[in-house]
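Notes follow once the structure below has been shown.
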Amino acid sequence: TQLLEQSPQFLSIQEGENLTVYCNSSSVFSSLQWYRQEPGEGPVLLVTVVTGGEVKKLKRLTFQFGDARKDSSLHITAAQPGDTGLYLCAANSGYALNFGKGTSLLVTP
Amino acid sequence: GAVVSQHPSWVICKSGTSVKIECRSLDFQATTMFWYRQFPKQSLMLMATSNEGSKATYEQGVEKDKFLINHASLTLSTLTVTSAHPEDSSFYICSARARGGARTDTQYFGPGTRLTVL
């Protein structure tokens, strides 16, 4: 099972600030996914990155897949309270998903 | 988008009783369904993988006699927590892997079931 390390574990920022969350591993991935989970709900897929060096944008969220396909980052510009949640990176382990420990983000007004 | 439902969304039971949780793919057929468990402030941990019509595959450390999984059709999988104890209290989340068409191989998550064992 590939080990996915996420950092930081917790992040508390004010509305309008920028932030970056990291997902690292020693393994090479064919693809990597980012999810957001709100309390009491299942995770919701944000993006899948497949190609090394790939950059994908989803409104104020920018996802990058490392050139070697071992790491990924999620950058949020001008964070809003609605961005609050648990951000999880995940990679396939067979057909199942292996999740990182997550980054818990709190954005205060 | 594809929808996966779970029932119940929350359940409270007494220690020693059994609880059944259903996971349904509402608008697609799922070749495989997965069951995850999530403790507070922690990530999702895979418990087992179930394929329609065959026995589930359990992850190391997960008791198959305690967590019974039945995958009776391509749209329904059930997880039964037998003789539940307080340490089984957790958030149980299923996901379904789509079969066929544009959704093939995509995994969709249910909303989760909060189990509290008193």
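Each chain gets a letter, A, B and so on, in the order its sequence line appears, and its residues count up from 1.
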May I ask you to test the A/Phe99-B/Gln38 pair for a side-chain heavy-atom distance under 4.5 Å?
-> no

Which bit of A/Leu86 is near chain B, if near means a heavy-atom gap under 4.5 Å: side chain, backbone, both or neither?
-> side chain

With a cut-off of 6.0 Å (strictly less than), are more than 12 heavy atoms of other residues, nucleotides or ligands near CD of A/Gln9?
-> no

A/Leu32, A/Tyr22: one ILVMFWY side-chain cluster at the under-4.5 Å cut-off?
-> no

Would you list the pairs meeting salt bridge (Lys or Arg N to Asp or Glu O under 4.0 Å) in which at least one residue belongs to residues 59-74 of chain A, sequence neighbours left out?
-> A/Arg60-A/Asp83

Backbone of A/Gly102 reached by a side-chain donor or acceptor of B/Ser43 within 3.5 Å = no

How about residues 16-24 of chain B versus chain A: which residues have heavy atoms under 4.5 Å apart?
-> none

Verify the cluster assignment for A/Leu46 and A/Leu105: are they in a single hydrophobic cluster under the rule of side-chain heavy atoms below 4.5 Å apart?
-> yes

Nearest heavy atoms of B/Thr49 and A/Ala96, plus distance in Å | OG1-CB, 4.5 Å

Which heavy atom of A/Gln37 sits nearest a heavy atom of B/Phe91, and at what distance?
-> NE2-CE2, 4.0 Å

Heavy-atom distances under 4.5 Å only: say whether A/Gln6 touches chain B with side chain, backbone, both or neither.
-> neither

By a 4.5 Å heavy-atom criterion (distance strictly below it), what part of B/Gln6 contacts chain A: side chain, backbone, both, or neither?
-> neither

Group every Ile, Leu, Val, Met, Phe, Trp and Tyr by side-chain heavy-atom contacts under 4.5 Å, then state whether A/Tyr87 and A/Phe63 land in the same group.
-> yes

Are B/Val62 and B/Leu44 in one and the same hydrophobic cluster, where Ile, Leu, Val, Met, Phe, Trp and Tyr link if side-chain heavy atoms are under 4.5 Å apart?
-> no

If one checks every heavy atom of B/Leu46 against chain A at 4.5 Å, the contacting part turns out to be side chain

Is A/Ile76 linked to A/Phe10 within one hydrophobic cluster, defined over Ile, Leu, Val, Met, Phe, Trp and Tyr using a side-chain heavy-atom separation of less than 4.5 Å?
-> no

Between A/Leu88 and chain B, which part of the residue has a heavy atom less than 4.5 Å away: side chain, backbone, both or neither?
-> side chain

Using a 4.5 Å cut-off on heavy atoms from C-beta on, say whether the side chain of A/Leu97 contacts that of B/Tyr36.
-> yes

When you check the side-chain N and O atoms of B/Gln107 and A/Gln33, is any donor under 3.5 Å from an acceptor?
-> no

Hey, what do you get for NZ (A/Lys101) to CE (B/Met45), rounding to the nearest 0.5 Å?
-> 9.0 Å

